[in-house]
Amino acid sequence: VTRLISVTERVLVRTSEFCTTTTTVVVADDDTCLVVDPGVTPGDIDTLVADIRGRGLRVVAGFSTHPHWDHLLWSDSLGTVPRFATPTAVQAAADDRERSLQLAQELAPGHDPRLFGRLTPLASKAVPWDGPHIAVIEHRAHATGHAALHVTEEGVLLTGDMCSDIEIPLLDLGGPDPVGDYRYALELFSARADIEHVVPGHGSVGNRAALQRLLDADRRYLDELEVGGGSDDPRLTEDWLVRDHQAQLQHVRRVPSKRVR
Ligand SMILES: [Zn+2]
């Protein structure tokens, strides 16, 4: 049983065995908390809820970093609270609901389908709550409406499904400029000051040096992908990642990046 671990005083992370998925809990001074990307199995969420209660915390909001099924989950036991996402992600989650709900039911059965992807669009570039300031860094790398979160006072960057030590950059091949959009998002992360901890949506929590290594590794992968390479990236350890890499290679061969670097 994995428990919530403290990354900083006010940022806690739990890691699921399913695809090493992380869930982040940001704690406010009054012991309320925000839950980012709860997942993945119902058992995971039960453990998460027990941990949250055990620490005397009360969930007042949720956040979905992007509209992929494993980031759209929720449970009654987490409470009936707003679950924020970028407006673009809310729309994409609604458009793709049937397919992603089917994936959730296949791969993590037992969730209440009524709660799946029930999101509230953000009206600003910060999470609207009374806890530590959380800047929303919206872009469209990996998925339309994808958002990274920067818990500024804690120096923590939650990268969603980017900057992972176990996954190559996974591009949104349905987007207008998958490689260019990915590079742009990496620049947004680089431009953030005072980041001491990185929490990828799948993978290991790291320090500032780890973030720099991940940014470098992701840029190197994109550089190589664009000239038909990238196949020796050490993160290509699973069949599904190799398949996604092959699809990305085929895509960039057909449609080179438009963005001028
Ligand atoms: Zn994803």
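Whatever order the structure lists ligands and atoms in, that order sets their numbers, starting from 1.
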request  = Search all heavy atoms of Leu34 against all heavy atoms of Trp129 and return the closest pair with its distance.
outcome  = N-CZ3, 3.7 Å

inquiry  = With carbon and hydrogen excluded and only N/O/S kept, which atom of His68 is nearest the Zn ion (ligand 1)?
reply    = ND1

Where the Zn ion (ligand 1) is the vertex, angle from His142 NE2 to His66 NE2 to 10° = 100°

ask   = Between Thr159 and Pro200, which heavy-atom pair has the shortest distance, and what is it?
value = OG1-CA, 3.2 Å

task = Would you please classify the geometry between the His146 ring and the His139 ring as parallel, tilted or perpendicular, with 30° and 60° separating the classes?
result = tilted

query = Should the pair His68 and His142 be assigned to parallel (<30°), tilted (30 to 60°) or perpendicular (>60°) ring geometry?
reply = perpendicular

note = For Asp161, the N, O or S atom at the shortest distance from the Zn ion (ligand 1) is OD2

inquiry  = Distance check below 2.8 Å: does His71 bring an N, O or S atom to the Zn ion (ligand 1)?
reply    = no

